[in-house]
Structure formats: C-alpha cells, structure tokens
Amino acid sequence: MQGICLLGATGSIGQSTLDIIAQHPDKFSLISASANESVAKMAEICHRFKPQRVVMGTEKARDELALLCVDLPTSFEWGSDALDSIASDSAVDQVMAAIMGFAGLKPTLAGIRAGKRTLLANKESLVTAGKLFMDEVTRHNVVLLPIDSEHNAIYQSLPQTSQGAHKKDISKILLTASGAPFRTWSLDEMSSVTPEQACKHPNWSMGQKISIDSATLMNKGLELIEACWLFDVTPNDVEVVVHPESIIHSMVSYRDGSVIAQMGNPDMKIPIAYGMTWPDRIETQVDPLNLVDVTRLNFEAPDLTRFPNLQLAADAWFAGGSAMAALNAANEVAVDAFLKRKISFLDIARFNEKVLSSTNVVAIDVIEDVFEADAQARSLAQKYISDGSVS
Ligand code: NDP
Ligand code: MG
C-alpha cells in the first residue's frame with residue numbers, strides 16, 4: 001500500500017490521480033491533499049477519500065472547508081509551511097507534484113528532501129530551479145518520475161535500470177507537440193483570440209494555465225527545458241516535432257538509427273499510473289489505442305515566427321542562471337493578464353521577450369536565488385503590463 005500526498009488535488013492532474021487511486025484502493029491510499037481556494041471540490045474529495053491531512057492556500061478557505069467536513073477526522077491546515085509538512089510527512093511514500101506554476105516548487109522540494117518518490121507534473125518547478133532541483137534529487141536518492149506525457153514517453157522509451165531510465169546510445173530526443181488550437185492560424189487570426197478559444201485544446205483536457213501555454217507553444221518551450229534537466233541534454237539534442245493527433249507522446253532516436261516511441265490515447269491517467277507503479281504497470285480504464293480508427297499520424301516542423309515562445313525558451317536555457325526562472329515568471333504573469341483580458345494573446349510572447357531581454361542574468365547558487373529571480377521578473381512583467389508597454 002502506497003501512501004500518496006496529492007499536491008494540487010482539485011486540478012486536472014489531481015482529478016486523474018484520484019481516478020487511479022479510486023480504481024486501485026488495494027494499492028494506494030490518499031494520505032494528504034492540497035488545493036488553493038477550491039473549497040467545494042476539496043470537500044467532495046475529503047468525503048470520498050478521507051485523507052488524514054488537507055492544506056488550503058488561505059486561512060479563509062481552510063475554515064470554510066473545515067465547516068463542510070465537521071464529521072471527518074481529517075486535520076485542516078493552510079499555508080506554505082503546512083504544504084511542506086504534508087509533502088515530507090512520514091506516512092507518505094509518493095508525492096504527486098501537481099500544483100500549477102512556480103508555487104509548486106517549495107513543497108515539491110520539501111518532498112524530495114524527505115526522500116519521497118516524486119511524481120513530477122509541475123514542470124515549472126524543474127524549469128525554474130533546474131540544476132539545484134536535480135542536485136537535490138541525486139543527494140536524497142529520490143526516484144523522480146516525469147508525469148508530463150512527453151517526458152513520461154521519453155522515460156518509457158529509454159533503457160531501464162533499477163535506478164530509473166538510463167540515457168545510453170541516444171542521438172536525439174524527439175519531443176512531440178500537438179500544435180494546440182492555433183496550429184494553422186495566421187498571426188492576423190491569432191491577434192484577436194479569446195481566453196475561451198485558447199483554452200480549447202483539441203486533444204487534451206487540462207487546467208487553464210497549461211492550456212494557454214499549449215496554445216502559445218510556451219508549454220513546449222517549458223518542456224524543452226524540462227527535458228534538458230531531466231535527461232541531461234541541451235536544446236541541441238532535442239527536436240520538437242509537431243504531431244497534431246497526440247498519439248505518439250514523444251520518441252528517442254538512437255545512434256544506430258532506431259527510433260523508439262511511446263503511444264497511447266491522450267489521457268493523463270496513463271503517465272500518472274506509470275509514475276505511481278513504475279517499474280510495474282496497472283489498469284487505467286483508458287480506451288485501448290485503435291490505430292485503424294486513427295488512420296493517419298501527421299508530423300510537421302514548429303513555426304517559430306508565429307510561436308516565438310519556443311525560441312525564447314531555448315534562448316533562456318543557453319543564457320543559463322536566472323534566465324529560465326525569469327522567463328517562467330514573466331509567462332505566468334502574462335498568461336494571468338491574458339485570462340483577465342488585460343492583454344492580447346500575441347502580447348504574451350511579446351511580454352515574455354521583453355522581460356527576458358531586460359533581465360540581468362545572474363548565477364543560481366542556492367534556492368533563494370530562484371525565488372529572488374522569480375520575484376524580480378514577476379514585478380518587471382507586472383510593471384510592463386500596467387504601463388501597457390510591449391516593444
Ligand atoms: P489546474 O489549474 O487544473 O490545477 C492546479 C492545482 O493547483 C489546483 O489544485 C489548484 O488549487 C492548485 N493551485 C493553483 N495555484 C496554487 C497556489 N498558488 N498555491 C497552491 N496551490 C495552487 O492545473 P493542471 O492540473 O492542469 O496542472 C498542474 C500542473 O501539472 C502544472 O504545472 C501543469 O503544467 C502540469 N501538467 C498538467 C497537465 C494536464 O494535462 N493538465 C499535463 C502535463 C503537465 P485550486 O483548485 O484551489 O485553485
Ligand atoms: Mg506535456
């Protein structure tokens with residue numbers, strides 16, 4: 001029986017993780033869960049799964065939740081220290097890191113430092129803390145399993161050892177991208193898209209922020225950086241391939257010319273279950289892949305002119321140091337502003353570019369440097385947005 005701490009339980013990844021736990025009550029038990037402010041959703045989770053501890057983002061949300069769950073033995077807490085505490089709790093074997101954005105970094109690291117098996121959906125924590133994050137994984141001898149479907153596919157396509165996937169004899173990583181809703185749209189057409197249009201991903205059902213990131217291709221940019229840290233490569237070793245059907249979730253090309261791919265219907269329950277049971281596999285109730293129904297798999301190169309965020313991410317990687325935290329922070333602020341209709345869809349990449357190019361890139365030596373870089377870029381992005389200044 002594996003005890004699970006589910007960070008971000010009320011989100012899209014959180015829901016799919018709960019589906020797997022519910023399907024396999026003999027294998028998994030929800031020890032603890034967190035959300036920011038979704039009180040009603042969390043109350044349902046508490047009544048259904050009866051976790052020992054629940055952490056909300058605010059005191060108000062915690063108090064409201066506690067009132068809805070007076071009949072349960074669960075302890076209700078709130079705030080950042082409580083999040084770190086549930087991730088490092090001795091009753092927990094695995095931490096599912098599924099908080100949205102940079103807010104996921106601190107509790108994910110707390111779990112790693114406590115030696116917990118870490119299921120990483122929260123790509124922003126690895127993108128921003130990069131080498132320090134991976135150093136902590138090594139120092140604490142943690143099993144780190146990527147949940148992002150592409151990285152999970154790459155992991156599955158590499159030779160396995162008892163320590164995890166092993167990069168050996170590879171010539172390239174082929175990182176697939178769906179192209180999201182605006183793959184074939186002109187810049188002119190994209191200039192007036194609404195948040196509702198941008199959130200409608202053709203293949204995946206996901207939270208709002210990652211859906212917008214997919215539409216701008218910043219998601220692929222973050223994933224490029226994520227792949228570099230996870231598999232110890234550089235952007236020169238990763239080729240982004242647009243594959244609109246999202247059936248192949250990524251591939252590894254080997255020095256002998258072989259290419260190994262992982263395929264399946266686009267459903268996050270597959271990589272989540274893989275992470276929770278690696279090196280074994282379990283049922284997920286995802287429909288089996290029927291290639292005859294799919295009929296065609298298409299591939300094309302990404303268009304960096306219409307989707308400049310992908311290039312910005314590679315630039316940030318090569319700039320190193322605080323550049324990746326700065327780009328991520330700028331993007332979180334810009335996406336939030338777009339969702340609130342303060343800036344246009346195409347402005348997101350413009351603000352990202354402006355913040356990245358005006359960031360004084362410094363070395364990241366300790367984790368506090370990441371928080372400093374994030375805070376500086378966030379306030380710069382907010383200033384540019386309130387000034388209405390995009391170059
Ligand atoms: P959602 O927006 O659906 O859910 C986010 C979760 O995080 C919610 O539980 C939310 O709580 C919580 N949360 C949000 N902000 C904060 C905060 N400041 N402090 C604490 N908790 C917070 O996101 P997704 O599930 O789609 O994505 C989660 C992570 O997984 C992201 O990093 C994303 O990039 C990654 N990912 C997601 C995929 C997907 O298919 N959805 C695929 C691959 C990666 P509340 O409900 O109260 O707001
Ligand atoms: Mg992905």
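Remember, it's 1-based here, ligands and their atoms both numbered in the order they're listed. Hydrogens, waters and symmetry mates play no part in the numbers below; they use all other heavy atoms, side chains included.
Ion pairing of Lys60 with Asp63 is absent here, as no side-chain N (NZ or NE/NH1/NH2) approaches a carboxylate O to less than 4.0 Å. Between Arg113 and Glu136 there is a salt bridge, since a side-chain N of the basic residue sits under 4.0 Å from a carboxylate O of the acidic one. Looking at Glu196 and Arg341, a side-chain N of the basic residue comes within less than 4.0 Å of a carboxylate O on the acidic one, giving a salt bridge. Salt-bridge formation is detected for the pair Glu223/Lys220: a Lys NZ or Arg NE/NH1/NH2 atom is positioned less than 4.0 Å from an Asp or Glu carboxylate oxygen.
Residue contacts with ligand 1 leave out Gly57, since none of its heavy atoms falls under 4.0 Å from the ligand. By the 4.0 Å heavy-atom criterion, Lys209 is excluded from the residues contacting ligand 1.
Ring orientation note: the planes of Tyr155 and Phe231 are tilted relative to one another, at an angle of 30° to 60°.
Of the candidates Gly101, Ala103, Ala98, Ser80, it is Ala103 that places a heavy atom closest to atom 17 (C) of ligand 1. The nearest non-hydrogen atom to atom 36 (N) of ligand 1, considering only Leu222, Thr17, Ile210, comes from Ile210. With distances taken over non-hydrogen atoms, the option nearest atom 39 (C) of ligand 1 out of Met206, Met56, Glu150 is Met206. Distances from atom 29 (C) of ligand 1 to the heavy atoms of Leu7, Val39, Ile99 show the closest one on Ile99.
If you put the vertex on the Mg ion (ligand 2), OE1 of Glu150 and OE2 of Glu223 sit 100° apart, to the nearest 10°.
Of the protein's non-hydrogen atoms, the one nearest atom 26 (O) of ligand 1 is Gly207 N, 2.8 Å. Of all protein heavy atoms, the one lying nearest to atom 35 (C) of ligand 1 is Ala121 O, 3.1 Å. Scanning the protein heavy atoms around atom 7 (O) of ligand 1, the nearest turns out to be Met100 N, 3.3 Å. The protein atom (non-hydrogen) at minimum distance from atom 4 (O) of ligand 1 is Gly11 CA, 3.1 Å. Taking atom 47 (O) of ligand 1 as the reference point, the nearest protein heavy-atom neighbour is Glu37 N, 2.6 Å. Scanning all protein heavy atoms for the shortest distance to atom 10 (C) of ligand 1 gives Thr10 OG1, 3.9 Å. When hydrogens are left out, the protein atom nearest atom 27 (O) of ligand 1 is Ile13 CG1, 4.2 Å; that is the closest non-hydrogen contact. The nearest protein atom to atom 3 (O) of ligand 1, hydrogens excluded, is given as Ser12 N, 2.9 Å; this is a heavy-atom distance.
Put simply, the side chain of Gln15 never gets that close to the backbone of Ser12: no donor and acceptor are under 3.5 Å apart. In this structure, His24 contributes its side chain and Glu283 its backbone to a donor-acceptor pair below 3.5 Å. Between the side chain of Asp84 and the main chain of Asp81, no donor-acceptor pair closer than 3.5 Å is present.
For ligand 1, one of its N or O atoms has an N or O atom of Glu124 under 3.5 Å away. At under 3.5 Å, not a single nitrogen or oxygen of Ser205, backbone or side chain, sits near a nitrogen or oxygen of ligand 1. Note: no N/O pair closer than 3.5 Å links Asp148 and ligand 1 by distance alone. At a 3.5 angstrom cut-off on N or O pairs, Asn36 counts as close to ligand 1.
Between His166 and Gln160, the side chains place no donor N or O within less than 3.5 Å of an acceptor N or O (distance only, hydrogens not considered).
Numbered from 1 in the order shown, with element, the atoms of ligand 1 that lie under 4.0 Å from a heavy atom of Lys123 read 32 (O), 34 (O), 44 (C).
Between the Mg ion (ligand 2) and the N, O or S atoms of Asp148, the shortest distance is to OD1.
When non-hydrogen atoms are compared, ligand 1 lies under 4.0 Å from the backbone of Ala9 (N, CA, C, O) but not from its side chain.
Phe307 and Phe182 have their aromatic ring centers separated by at least 6.0 angstrom.
For the pair Val240/Leu217, no side-chain contact is recorded, criterion being any heavy-atom separation below 4.5 Å from C-beta on. Looking at heavy atoms from C-beta onward, Met134 lies in side-chain contact with Leu126 at the 4.5 angstrom threshold.
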Legend entry - Trace of the side chain to side chain donor-acceptor pair (under 3.5 Å) decision for Asp287 with Asn265: CA-CA 7 Å; Asp287 289 340; Asn265 282 321; 5.4 Å; no
